[in-house]
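Structure record follows, encoded as structure tokens.
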Amino acid sequence: MIRIEEVTKRYPDGTVAVDRLCLEIPDRAITVLVGPSGCGKTTTLRMINRMVEPSEGAIYLDGADIRRRPVTALRRSMGYVIQNAGLFQHRTILDNIATVPRMLGWGKRRARERAAELMERVGLDASLAGRYPYQLSGGQQQRVGVARALAADPPVLLMDEPFSAVDPVVRKGLQDELLRIQDELGKTIVFVTHDIDEAIKLGTRVAVLRTGGRLAQFAPPAELLSDPADSFVEDFLGADRGIRRLSFFPSDGLELTTDPVVRAGATAERTGGFGAPYLLVTDAQGRPLGWSRPQDLAAGGADPGRLLPYGRPFVPGTDSLRAALDCAVLSPTGWAVAVDSGGRVTGVVSQQTIGEAIRGAHAGERAAGEVAR
Amino acid sequence: MNVLGFVSDFFGDSAHWHGYDGIPHRLLEHVQYSLLALALAAAIGLPVGLVTGHTGRGGNALALLATAARALPSFGLLVLMAVLLGIGLVPVMIPLVVLAVPPILVTTYEAVRSVDPSPVDAARGMGMRETRILFQVEMPVALPLILSGLRSAAVQIVSTATIAAYVSLGGLGRYIVDGLYQRDYEKVVGGATLVAVLALVTLAVFWAVGRLVVSPGVRRH
Ligand SMILES: Nc1ncnc2c1ncn2[C@@H]1O[C@H](COP(=O)(O)OP(=O)(O)OP(=O)(O)O)[C@@H](O)[C@H]1O
Ligand SMILES: [Mg+2]
């Protein structure tokens with residue numbers, strides 16, 4: 001565990017970047033530091049590997065003051081990933097990743113074998129091994145940065161806005177990859193970001209810092225969304241806090257109906273008489289094709305060109321209530337389509353039903369909270 | 001008689017290819033003076049430039065010193081040194097080294113300074129020691145610029161080393177100084193041509209060295 005105790009950092013010009021910060025960073029979890037620009041996130045992170053020395057207070061790693069260890073040994077036990085990856089442009093990708101093992105005295109062959117292993121782990125194609133950093137995309141470079149930090153298998157990983165310089169699609173891929181790697185490796189990760197969505201997605205616990213370097217709240221993301229400590233945290237979470245919270249509620253409790261679901265080419269009786277304004281047409285395997293009005297179906301069968309799009313379906317159990325609601329809101333019929341992992345329709349659900357489930361989930365949580373109290 | 005005529009007569013005369021005053025011997029002397037001066041200048045300029053560039057301290061003092069050194073006329077310095085120290089290699093080396101240190105020093109300093117700070121930060125964060133950061137992170141990236149400083153120093157040395165002849169030393173300057181004294185313009189032009197060719201060869205050598213020692217990951221710039 002990393003314990004930050006009453007730490008203050010005053011820079012020589014008088015700026016107080018961090019003010020009496022106390023934080024207990026749990027092992028084998030992702031702790032996110034988030035806050036507006038200039039609130040002292042980077043300073044806090046860099047005090048953990050002593051790139052910055054605190055003016056007051058102390059930081060403990062597994063109970064021992066970090067100042068009691070030689071600074072290079074301390075840093076070698078902590079992987080460090082920065083915003084623009086900071087790759088060595090004169091070295092190949094493989095040799096970039098092998099840097100710390102080489103520094104620790106590993107032989108060249110063994111260090112390179114290890115580097116190749118890590119390339120696979122972070123999702124880099126082996127054919128990139130001999131390339132130089134300028135021949136990689138920003139997202140690939142960032143993966144190399146993560147691989148390099150993991151190369152000597154340090155227990156701690158410090159990451160300073162590692163994904164903020166890439167586009168949203170690539171960023172999502174990198175975030176998913178980090179979560180997957182964390183599942184496998186179980187590192188103690190301290191992750192700095194100014195993006196609250198990223199914090200909520202990645203964090204086991206999230207520390208919200210306010211300008212002036214003071215801690216506003218330190219809590220798991222769901223708690224942050226349900227019980228922001230004050231108006232600063234509430235503002236920082238943004239206006240759609242309620243919707244975002246739905247990410248933490250599962251969608252498997254939703255009551256699905258298969259009544260308005262019909263196969264293409266079904267007989268006329270099968271397509272009428274449910275009173276539903278729209279029917280969902282599927283192919284022979286049960287995959288969704290689109291929505292149609294019953295009378296159109298009865299008249300001309302399922303002409304794929306005339307079907308209404310069904311939007312993006314959700315997978316009950318895997319996706320959250322938020323995803324289900326999103327599907328329903330985006331669907332032209334107001335109904336969300338649920339599919340199994342194979343993409344076959346398991347049923348549909350109306351906005352109204354989802355709304356009831358949301359109210360139910362909130363009520364359930366309030367009750368649980370009262371029991372806990 | 002035009003210049004080309006001088007050149008072809010000079011190089012066509014087989015007497016110029018043999019003996020103590022022959023082209024091979026004078027060329028060798030010239031290359032020796034130049035290499036010695038370049039080595040001395042690099043021995044001063046490179047370490048100081050690398051260290052100040054890495055720490056970022058002393059840059060202003062360096063720039064001031066370099067400007068002052070550039071203002072010194074090489075020929076004047078040579079005469080002064082010859083008067084003070086007598087005839088010999090030392091009074092020749094001093095003006096050549098004074099000439100060559102500023103470009104090496106200033107470009108090396110700038111080269112290391114201008115290295116992207118984020119790999120340096122990453123290296124420090126992973127526990128790399130400062131000397132290793134300088135030699136394994138900053139220098140490989142700064143190398144093309146450092147070489148360009150050495151190259152311009154080398155070219156200046158090669159052309160200025162002709163002044164050695166004024167204090168009775170050898171080198172290609174002999175042809176120029178003696179030719180002027182003897183009003184043998186064929187010799188003057190021949191000597192000047194050799195100096196120019198040697199300067200071009202120097203450029204070629206630096207180009208080849210650059211291809212060899214600069215990483216392909218850095219060279220694309
Ligand atoms: N070396 C320094 N000298 C003086 N002040 C500094 C120094 N480094 C940072 N600061 C100041 O300390 C405060 C916190 O800086 P820090 O870099 O920790 O913020 P941050 O939360 O990481 O911001 P950002 O999201 O913009 O990266 C800022 O006001 C900054 O200007
Ligand atoms: Mg920062």
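Computation of the quantities below employed the complete heavy-atom set of this structure, encompassing side-chain atoms and omitting hydrogens, waters and symmetry-equivalent molecules. Labels below follow one simple rule: chain letters A, B, ... track the order of the sequence lines, proteins then strands, and each chain is numbered from 1.
Annotation: maximal heavy-atom pairing with chain B below 4.5 Å, among A/Arg50, A/Gln135, A/Arg76, A/Arg46, occurs at A/Arg76. Contact tally against chain B (heavy-atom pairs below 4.5 Å) for A/Asn49, A/Leu74, A/Ile82: the top residue is A/Ile82.
Considering all non-hydrogen atoms of both residues, A/Met78 and A/Pro154 come closest at N-CB, 3.8 Å.
Side chains of A/Thr15 and A/Asp13: a donor on one and an acceptor on the other come within 3.5 Å. No side-chain donor from either of A/Tyr60 and A/Arg68 sits under 3.5 Å from a side-chain acceptor of the other.
Interface with chain A: from residues 133-153 of chain B, residues B/Gln136, B/Val137, B/Pro140, B/Val141 qualify, criterion being any non-hydrogen pair under 4.5 Å. Residues of residues 88-119 of chain B having a heavy atom under 4.5 Å from any heavy atom of chain A, listed by number: B/Ser118, B/Pro119.
In this view, A/Thr42 and A/Asp160 satisfy the side-chain hydrogen bond (donor to acceptor under 3.5 Å, both in side chains) rule, not counting sequence neighbours.
A/Lys41 places no side-chain N or O within 3.5 Å of a backbone atom of A/His194 that could act as its donor or acceptor partner. Side-chain atoms of A/Arg91 do not come within 3.5 Å of backbone N or O of A/Asn96 as any donor-acceptor pair. The main-chain N or O of A/Ser137 is never found under 3.5 Å from a side-chain atom of A/Gln142 such that the two would form a donor-acceptor pair.
Between A/Arg114 and A/Glu117 there is a salt bridge, with a side-chain nitrogen of the basic residue lying less than 4.0 Å from a carboxylate oxygen of the acidic one. No salt bridge links A/Asp125 with A/Arg131; every basic N to acidic carboxylate O contact stays at or beyond 4.0 Å. A salt bridge does not link A/Asp167 with A/Lys172: every distance from a Lys NZ or Arg NE/NH1/NH2 to an Asp or Glu carboxylate oxygen is 4.0 Å or more.
Contact annotation for A/Ser77: neither backbone nor side-chain heavy atoms come within less than 4.5 Å of a heavy atom of chain B.
Applying the side-chain hydrogen bond (donor to acceptor under 3.5 Å, both in side chains) test to residues at least two apart or on different chains, the pairs with a partner in residues 23-36 of chain B are B/Asp21-B/Arg26, B/Arg26-B/Glu29.
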